[in-house]
Amino acid sequence: MELVVTNLKKSYDGRAVLDGLSFTAPVGLTRIAGDSGIGKTTLLRILLGLETPDGGTAAPKGLRWAAVFQEDRLLSQLDAAGNLRFALGAAYDSQKAAELLAALGLADTGGKRVSDYSGGMKRRLALARALLAPCDALALDEPFTGLDAANRSAALSCILRAAEKKIVLLAAHDALALPEGCAVVTL
């Protein structure tokens, strides 16, 4: 399976944000690189079906996506498990959730409400939610925001494990040390 983007176009108020973008993303990690404001988020929103392109295509159609948005989009009155249960529904697996939360450094939150989490803790929970969702592809928009070096490394390890079986698009304007063989699309 692979995602093929062909001649994708999107403009806002006559200003082209994406102008004939084409690339192929196989199963594995593909980094979407570029300066802030260059169109990384717009690209992911189009692929997620949240925006309509002005032209071009992305195939195959019907991929099941999970995402980490620039905003964490968590339920602040719930704890980590409550957020995951709410988002995943019948797909929630308490053992897999506990293992991933531990890998992301969130094992000892003790039922603490998300409203009491630090920004980095919220970011890691948002990432856990996307990684646990049943999907074919992941769209990760600046998933390392607010993470220190150790948590960033742990998060990247979890993302790379997911990329062994899924298409993973990781948008980031920061330089990342990624393993050899990761594709890069520069906007």
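Just the heavy atoms: all of them, side chains too, but no hydrogens, waters or symmetry mates, feed the values below.
For the pair Ser22/Leu8, no side-chain contact is recorded, criterion being any heavy-atom separation below 4.5 Å from C-beta on. No side-chain heavy atom of Val17 sits under 4.5 Å from any side-chain heavy atom of Ile38.
Taking the side-chain hydrogen bond (donor to acceptor under 3.5 Å, both in side chains) definition, one finds that Asp148 meets it with Asn151, sequence neighbours left out. The side-chain hydrogen bond (donor to acceptor under 3.5 Å, both in side chains) search around Arg31 returns none, not counting sequence neighbours. Evaluation of the salt bridge (charged side-chain N to carboxylate O under 4.0 Å, His left out) rule for Asp19 yields no partner, not counting sequence neighbours. In this structure, the side-chain hydrogen bond (donor to acceptor under 3.5 Å, both in side chains) partners of Thr41, at least two apart in sequence or on a different chain, are Gln70, Asp141.
For the side-chain contact (heavy atoms from CB on, under 4.5 Å) criterion with Leu3, the lone passing option out of Ile167, Val27, Thr24 is Ile167.
Cluster membership for Phe69 and Leu131, using ILVMFWY side-chain heavy atoms within less than 4.5 angstrom, is not shared.
Under a cut-off of 6.0 angstrom, the local environment of CG in Asp116 is crowded, with over 12 non-hydrogen atoms contributed by other residues, nucleotides or ligands.
Geometric assessment of Arg15 against the ring of Tyr12 yields a negative cation-pi assignment under the 6.0 Å and 45° thresholds.
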Between Asp72 and Arg123, is a salt bridge (Lys or Arg N to Asp or Glu O under 4.0 Å) present by the stated rule, with each step listed?
CA-CA 6 Å; Asp72 295 320; Arg123 199 69 183 147; 2.8 Å; yes
Please determine whether side-chain contact (heavy atoms from CB on, under 4.5 Å) holds for the pair Leu170 and Thr30, giving the CA-CA distance in whole Å, both sets of side-chain angles, and the decisive distance to 0.1 Å.
CA-CA 6 Å; Leu170 190 154; Thr30 298; over 6 Å; no
Between Arg64 and Asp136, is the salt bridge (Lys or Arg N to Asp or Glu O under 4.0 Å) condition met? List the steps.
CA-CA 5 Å; Arg64 294 177 308 154; Asp136 306 307; 3.5 Å; yes
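Checked by atom type and distance alone, the side chain of Lys122 never pairs as donor or acceptor with a backbone atom of Leu74 at under 3.5 Å.
Grouping Ile, Leu, Val, Met, Phe, Trp and Tyr by side-chain contacts under 4.5 Å, direct or through others, puts Phe86 with Leu75, Leu78.
Applying the side-chain hydrogen bond (donor to acceptor under 3.5 Å, both in side chains) rule to pairs touching residues 158-168 yields nothing, sequence neighbours excluded.
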